[in-house]
*Asks:* 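Quick one: the structure is below, and I'll ask about it shortly.
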Amino acid sequence: MRNFRGHRRWRTCCTLTTALVSAAALAGCAADEEEGVSKPSVPEVKALHDALPQSVKDAGVLRFAGDSHPPYRSVGADGTVTGIDTDLQEALGQVLGVRTEIKIVNNLPAALQGMLSGRYNGFNGPVQATAERERQFDTVTWMTSRTSYVVPRTGKADISSAADLCGKQVAVVKASIVEGQLEKLSKFCTGQGRPATESIGLDDTNATLLAAQSGRADAAGMTQAAAIDVTESQSDKYEYVTQTEEQGATTDNLALLVPKEGGLGPVVQKAFQKLVDNGEYRRVMEHWGLKDVMVDRPVLNIAGEES
């Protein structure tokens, strides 16, 4: 298991999702935030601003969709969104010379449909770059990840590895990377002569975690980055196990998606490359404890490139 710890102690209480936050936890967050990462300050690249679609230049803003998914997006009681998304998107906006906004949606299908209908310009995942998605969207891969499963410490099921999920109920976000990885784990189980896993599809990570906490599910599936975030902030309640290659796991290319129509994708990829070149990308990733899942360069439409 990769070590993502060591850079994020200051913010653990602030990553508790709204559904699970107590009043006492909220009261302690303000002081912790003062120790947080400073706001990005990167120069605008006029050539990239000029290359933006005219509709974006006229609006002066890039609108992103995003579901509630710590540590990418944590939604506070007042609706404030914090996380990797806000840090990276603000930096991208500075490079492109526009503001950025995040609108919280219920699930991945809502984000994809919202982009295709023109309500949003992009979605930062975590979503896998696939050949099928690249028919409608440009993908900019900016990190990799594996699938993990968060398990309540008080749960009745004895789960010390992903193999122990055979025959168990696992809550996952519908149409997500994790749902596909759980299917591979289930095939591993049946191939070993053990019962298949049972998938419970829900709208977002909050819902999967609540399902595990309430006993509706034995575990909640999520990206490894999200699992680390949950277990660090609530170590007394949860632990996690990670799916191995033997169990069907693959390293996922996680991407920012924008609709192909309009030509925004190549511009965003070049802006992301500027963040890599000037060190802002590394600064944000290290701050959130994600150094080990960084990419060397943001790749445009990696699924097509690999094929």
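If you're wondering where the values come from, they're calculated on a predicted model, not measured in any experiment.
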*Asks:* Under 3.5 Å, is there a donor-acceptor pair linking the side chains of S148 and T242?
*Replies:* yes
*Asks:* List for me each residue that meets side chain to side chain contact (heavy atoms under 4.5 Å, CB included) alongside S55, sequence neighbours excluded, and say none if there are none.
*Replies:* P53
*Asks:* Would a 4.5 Å heavy-atom cut-off, applied to side chains only, mark K57 and H49 as touching?
*Replies:* yes
*Asks:* Just wondering, are more than 12 heavy atoms of other shown residues or ligands nearer than 6.0 Å to NZ in K187?
*Replies:* no
*Asks:* Looking at every heavy atom in both K260 and R135, which two are closest together, and how far apart are they?
*Replies:* CD-O, 3.7 Å
*Asks:* Which atoms form the tightest heavy-atom contact between T86 and G83, and what is the distance?
*Replies:* OG1-O, 2.8 Å
*Asks:* Can you name the closest pair of heavy atoms from A219 and Y149 and give their distance?
*Replies:* CB-CB, 4.3 Å
*Asks:* So do E232 and Y238 actually touch side chain to side chain, heavy atoms under 4.5 Å?
*Replies:* no
*Asks:* Checking one residue: L202. Which other hydrophobic residues are in its cluster under the side-chain 4.5 Å linking rule?
*Replies:* I200
*Asks:* Between R153 and E239, is the closest basic N to carboxylate O distance under 4.0 Å?
*Replies:* yes
*Asks:* Could you name each residue pair satisfying disulfide bond (SG atoms under 2.5 Å apart) that touches residues 127-244, not counting sequence neighbours?
*Replies:* C166-C189
*Asks:* State whether the side chain of T208 and the backbone N or O of T205 hold a donor-acceptor pair below 3.5 Å, judged by distance alone.
*Replies:* yes
*Asks:* Would you find a donor on one side and an acceptor on the other, under 3.5 Å apart, between the side chain of Q243 and the backbone of A162?
*Replies:* no
*Asks:* Heavy-atom distance under 4.5 Å between the side chains of V61 and V98, does that happen here?
*Replies:* no
*Asks:* Report the residues that fulfil side-chain hydrogen bond (donor to acceptor under 3.5 Å, both in side chains) with E245, sequence neighbours left out, ordered by chain and then residue number.
*Replies:* R146
*Asks:* Which residues pass the salt bridge (Lys or Arg N to Asp or Glu O under 4.0 Å) test with R99, sequence neighbours left out?
*Replies:* E101
*Asks:* Got a sec, which residues hit salt bridge (Lys or Arg N to Asp or Glu O under 4.0 Å) with D203, two or more places apart in sequence or on another chain?
*Replies:* K174
*Asks:* Quick check: closest heavy atoms across T197 and L165, and the distance to 0.1 Å?
*Replies:* CG2-O, 3.3 Å
*Asks:* What's the verdict on side-chain contact (heavy atoms from CB on, under 4.5 Å) for T250 and K184, showing C-alpha distance, side-chain angles and the deciding distance?
*Replies:* CA-CA 10 Å; T250 56; K184 295 177 182 178; 3.7 Å; yes
*Asks:* Identify, with sequence neighbours excluded, every residue that meets side-chain hydrogen bond (donor to acceptor under 3.5 Å, both in side chains) alongside S214.
*Replies:* none
*Asks:* Taking disulfide bond (SG atoms under 2.5 Å apart) as the cut-off, I'd like each qualifying pair that reaches into residues 70-104, sequence neighbours left out, listed once.
*Replies:* none
*Asks:* Counting only N and O atoms by type, is there a donor-acceptor contact under 3.5 Å from the side chain of D87 to the main-chain atoms of I84?
*Replies:* no
*Asks:* Without swapping roles, check the side chain of Y281 against the backbone of V295 for a donor-acceptor pair under 3.5 Å.
*Replies:* yes
*Asks:* Within the 3.5 Å criterion, strictly below it, is a donor on D229 or W288 matched to an acceptor on the partner's side chain?
*Replies:* no
*Asks:* Is there a donor-acceptor contact under 3.5 Å from the side chain of S186 to the main chain of L182?
*Replies:* no
*Asks:* For residues L108 and R133, report the shortest heavy-atom separation together with the two atoms involved.
*Replies:* CD2-NH2, 3.5 Å
*Asks:* Quick one: are V258 and N121 in side-chain contact, heavy atoms under 4.5 Å?
*Replies:* no
*Asks:* Donor-acceptor check, side chain of Y120 to backbone of L112, threshold 3.5 angstrom: yes or no?
*Replies:* no
*Asks:* Using the test salt bridge (Lys or Arg N to Asp or Glu O under 4.0 Å), find all partners of R73 that sit at least two apart in sequence or belong to another chain.
*Replies:* D67, D85
*Asks:* Could you tell me whether D50 and K46 have a side-chain N and a carboxylate O separated by less than 4.0 Å?
*Replies:* yes
*Asks:* Below 4.5 Å, heavy atoms only, C-beta onward: do L257 and D138 meet side chain to side chain?
*Replies:* no
*Asks:* Is a side-chain donor or acceptor of Q224 paired with a backbone partner of T147 at a separation under 3.5 angstrom?
*Replies:* no
*Asks:* Using modelled atom types only, decide if a donor and an acceptor are shared between the side chain of D218 and the backbone of Q169 within a distance under 3.5 Å.
*Replies:* yes
*Asks:* By salt bridge (Lys or Arg N to Asp or Glu O under 4.0 Å), which residues pair with E134, not counting sequence neighbours?
*Replies:* none
*Asks:* Donor-acceptor pairs under 3.5 angstrom involving side-chain atoms of residues 263-274: please list them, not counting sequence neighbours.
*Replies:*
residue	atom	partner	partner atom	Å
Q269	NE2	P298	O	2.8
Q273	NE2	D277	OD1	2.9

*Asks:* Is the backbone of L254 close enough, under 3.5 Å, to the side chain of D252 for a donor and an acceptor to pair up by distance?
*Replies:* no
*Asks:* Under 3.5 Å, side chain of T231 to main-chain N/O of A227, donor-acceptor pair present?
*Replies:* yes
*Asks:* Going by side chain to side chain contact (heavy atoms under 4.5 Å, CB included), name the residues that satisfy it together with A226, two or more places apart in sequence or in a different chain.
*Replies:* H69, P71, M222, T223
*Asks:* Compare every heavy atom of A131 with every heavy atom of A303, then report the nearest pair and how far apart it is.
*Replies:* CB-N, 3.4 Å
*Asks:* Any donor-acceptor pair under 3.5 Å linking the side-chain atoms of D204 with those of N106?
*Replies:* no
